[in-house]
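Here's the structure, in structure tokens; my notes come after.
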Amino acid sequence: LGRCKILMNKGSATLSRCITIRLQTFWVQAQNPPLTLQFPMIQRCVTCYEGKVNRASWENGCAAVFAEALHLGNLLVRYGYIYPLKEPRALQLKPDESPYRFQTPYFWISTRWPATELDYAIYLAKKNIRKQGELMEYEKESYSQLHKRINHTWDFVVMQAREQLRASKQRRKADRMVLECQEQAYWLINRPPVGLSLGFLFSSMFFLFYSTLALGRNRVKSSICLEGFVKYSEQYHNQDPIMHGCLPSNPWISDDPAHWALNADQVSVPTRLRVERWSFSFMELLNDSMGRKEFMTYLEKEFSAENLCFWQACEDLRHGETSKIVQKVEEFLAPGAARWVNIDSKTMDKTMEGIKHPHRFVMDAAQMHIYFLMKKDSYPRYLKSELYKSMLAKAIVPQETKKSVFPFMRRQRHSSPSPAKVIATATEQDGQGAGQAGANSSAVSQV
Amino acid sequence: AAAQSRPSALQSGESLATLKNESDSLKKKLEEERAKLHDVELNQVAEKVELVSALSIRTRRVLKGHGNKVLCMDWCKDKRRLVSSSQDGKVIVWDGYTLNKEHAVTMPCTWVMACAYAPSGCAVACGGLDNKCSVYPLSLDKNENLAAKKKSVAMHTNYLSGCSFTNSDMQLLTSSGDGTCALWDVESGQLLQSFHGHTADVLSLNLAPSETGNTFVSGGCDKKANVWDMLPCASVSCRLYDLRADREVAVYQKDSIIFGASSVDFSLSGRLLFAGYNDYTINVWDVLKGNRISVLFGHENRVSCVKVSPDGTSFASASWDTSLRIWA
């Protein structure tokens, strides 16, 4: 059981592969006479494996071990290594006094016995004869279907069934019953009743549905995708502190948080890397609060600032409190609303329809339209503008901090105000900006 | 919409066998379609790229304080704080830089498998065996009991395996052992959307940055990674999928690696992949060339979670050895 646990995440195939010879021997021995176990024993095995073999954890039955044992045990039952004596069809490990048995290795799915239709037919035929026709509904259906499908070998099936039944009658009653339990458990795993295979049913239907969608999907050539990915990693190489280092130094290594102070949300002069990043994509520009501010300044010069205001307002709507949704949407509807912008009629119709029942995503279509408008038109022009170019020119490139002369002297690590505190203080003192969530180091000289 | 729609009722007379045949033939067709556009391998494209120069990544911080296995962690947007959760039910908020513990919460359940920091930095979400995901506003008053203001947001029918805030404090995405993922409104606790499509436990989820909205990927015990519009349970190999090419483009594995990887994250440029394994190590892979650059030792038990910090200056790892480490 311990070995099973190591790789239980890998699923049935590996699970069974890892049940060692020693365990196999033990399990074979547990057949004769059949060892009946209950959940508490499984839990104890798990505890032992944990290495915490002390009285406390044995008797404690603490929640953690309980959870692990239940999870592992359920896997073992689901894949047929342990089977329940009561309610065999439930295939579930119950953490009470319900009895379970070890399945004999012969019937493990890892032995990869083909479990063909022929085998199943023979099994059902035997059961049919033994129970004089009293099979479960789903078994009756399977039996009749099999009869149709492999009709040509039916004589063989019946003959085999009769032979096996005759041979088993020669055994002691106790042995025969054990074998019947084992066999039944095996077939419950390999040919689950329709109710249990509902999972398979749903998963195949989902698969069919998604595959049909997937077939129709537009795919892009590998060469284009992969080139794109290579380009991305090259473009961002200098921005990646672990690949390229960062200036003046990586705070985690040097204990100097200057890098964070220089890159705080609001600084008077941003770093060059930061400003360069705005040119990578429109999303990068908008994700940076300073970038957004600069872009807004540019748009004001172009008299198209209402686009960005609209976009921002839509963001607030999406991420704000539910209670304020209606209020914010109404701001869009107010006559002569400065927030209402030029969108195409189709999008407008769709939005007006949605506004009848305002919800968080009601402005999505309109917001998307404006986003792409700015991306295709204003953004490229901004990157060519004097405003951007001058920002890039005066951006800081911090000097690299040389490694400390006395590396064994650790600098004091200063704490920073908690973001929660920052926002609380900001709302208290209106207008006055509270400190950034950065550290209190002095500025580094400009190059 | 695709995620939510249910299959229509079976046509009468259709048997499972026919369904299986149809599945198989569709699978084959899909493979053919994908292969048509597969004109080059990743390592061919990466030939012209320079090798990664030697990295000297070392542990820079060790965060000690949990009493039992650390199962999950998440960074705060301020690039230095983080939240971690452990098997003993404790959730701790740290300033990773100073090693100060700033907040601690004791959950009513053990095995807190998921935790997340809110984008504003004002709250954390966590959950596990209680089948719920709760949000705790971070109080500024040291004496206040955080549990008092706790808000139950998500309810599943099995354990919570992952949680993540979408772009705002108002929405929470969760994944669960009940096989589903769900999107919740934090304020009202309302279920906004439910994602069914896994046939077994969902173990993890991750949001993708996107211009057109929120996409996320979930990985489950059914060995599938599903991409949803609004990774793998522990597998020995790490795989890279390109969504536009609609295929797997690289596999990161070595014969010497026999233990599964529990968690991965990319460096800021996407060139490096950090993967935490069950053999207590972290492997650093060159995503483009496909080779392993280095192995990082330090943890004394399984690595459960690996995440790169928001500005890419470091990455953190959480482990069953009860500690967290920050590497740079």
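Reckoned from all heavy atoms, side chains included, excluding hydrogens, waters and symmetry mates. Every value quoted in this text rests on a predicted model; they were computed, and no experiment measured them. Chain identifiers are assigned alphabetically (A, B, ...) following the order of the sequence lines, protein sequences preceding nucleic acid strands; residue numbering begins at 1 within each chain.
- Put simply, of B:Lys77, B:Glu187, B:His38, B:Arg271, the one with the most heavy-atom pairs under 4.5 Å next to chain A is B:Glu187.
- Residue contact with chain A, scored on non-hydrogen atoms closer than 4.5 Å, is absent for B:Ser188.
- Only the side chain of A:Glu234 has a heavy atom closer than 4.5 Å to any heavy atom of chain B.
- When side chains are defined from C-beta on, B:Lys289 does not count as touching B:Asn43, because their heavy atoms never get closer than 4.5 Å.
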Checklist entry - Passes ring pair (Phe, Tyr, Trp, His ring centres under 6.0 Å), B:Tyr97 versus A:Trp260? Steps please. => result CA-CA 11 Å; B:Tyr97 187 67; A:Trp260 286 332; 5.3 Å; yes

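- Looking at B:Asp311, the atoms closer than 4.5 Å to chain A (heavy atoms on both sides) sit in the backbone and in the side chain alike.
- Using a 4.0 Å cut-off between charged side-chain N and carboxylate O, B:Lys48 and A:Glu227 make a salt bridge.
- With a 4.5 Å cut-off on side-chain heavy atoms, A:Ile242 and B:Leu268 do not count as touching.
- For B:Asp185, the part lying under 4.5 angstrom from a heavy atom of chain A is the side chain only.
- If you measure heavy-atom distances from B:Tyr117 to chain A, you find no contacts under 4.5 Å at all.
- Pairing each heavy atom of B:Leu272 with each of B:Val287, the nearest pair is C-CG2, 3.7 Å.
- At a 4.5 Å heavy-atom cutoff, the contact between B:Arg61 and chain A is made by side-chain atoms alone.
- With a 4.5 Å cut-off on non-hydrogen atoms, B:Arg58 does not touch chain A at all.
- A tilted orientation is assigned to the rings of A:Phe282 and A:Tyr371, their planes being inclined by 30° to 60°.
- Of the two parts of B:Ile326, only the side chain, counted from C-beta on, holds a non-hydrogen atom closer than 4.5 Å to a non-hydrogen atom of chain A.
- With a 4.5 Å cut-off on non-hydrogen atoms, B:Gln190 does not touch chain A at all.
- Counting only heavy atoms from C-beta outward, the side chains of A:His414 and A:Pro257 never approach each other to under 4.5 Å.
- In terms of non-hydrogen atom pairs under 4.5 Å with chain A, the most contact-rich of B:Pro137, B:Pro119, B:Ser267, B:Gly270 is B:Ser267.
- Your options are B:Ser269, B:Ala46, B:Ser168, and the one with the most heavy-atom pairs under 4.5 Å with chain A is B:Ser269.
- Across every non-hydrogen atom of B:Val124 and B:Val93, the tightest pair is CG1-CG2, 4.0 Å.
- Of the atoms belonging to A:His259, it is side-chain heavy atoms, and not backbone ones, that fall under 4.5 Å from chain B.
- When heavy atoms are compared at a cutoff of 4.5 Å, B:Cys76 approaches chain A solely by way of its side chain, counted from C-beta outward.
- Contact count versus chain A (heavy atoms, under 4.5 Å) is highest, among B:Leu42, B:Leu138, B:Asp88, B:Asn100, for B:Leu42.
- Annotation: maximal heavy-atom pairing with chain A below 4.5 Å, among B:Ala118, B:Ala328, B:Gly89, B:Ser314, occurs at B:Ser314.
- A cation-pi arrangement, defined by a distance under 6.0 Å to the six-membered ring centre and an angle within 45 degrees of its axis, is absent between B:Arg60 and A:Trp252.
- For the atom pair CG (A:Leu285) and CE (A:Met283), the distance works out to 12.0 Å, reported to the nearest 0.5 Å.
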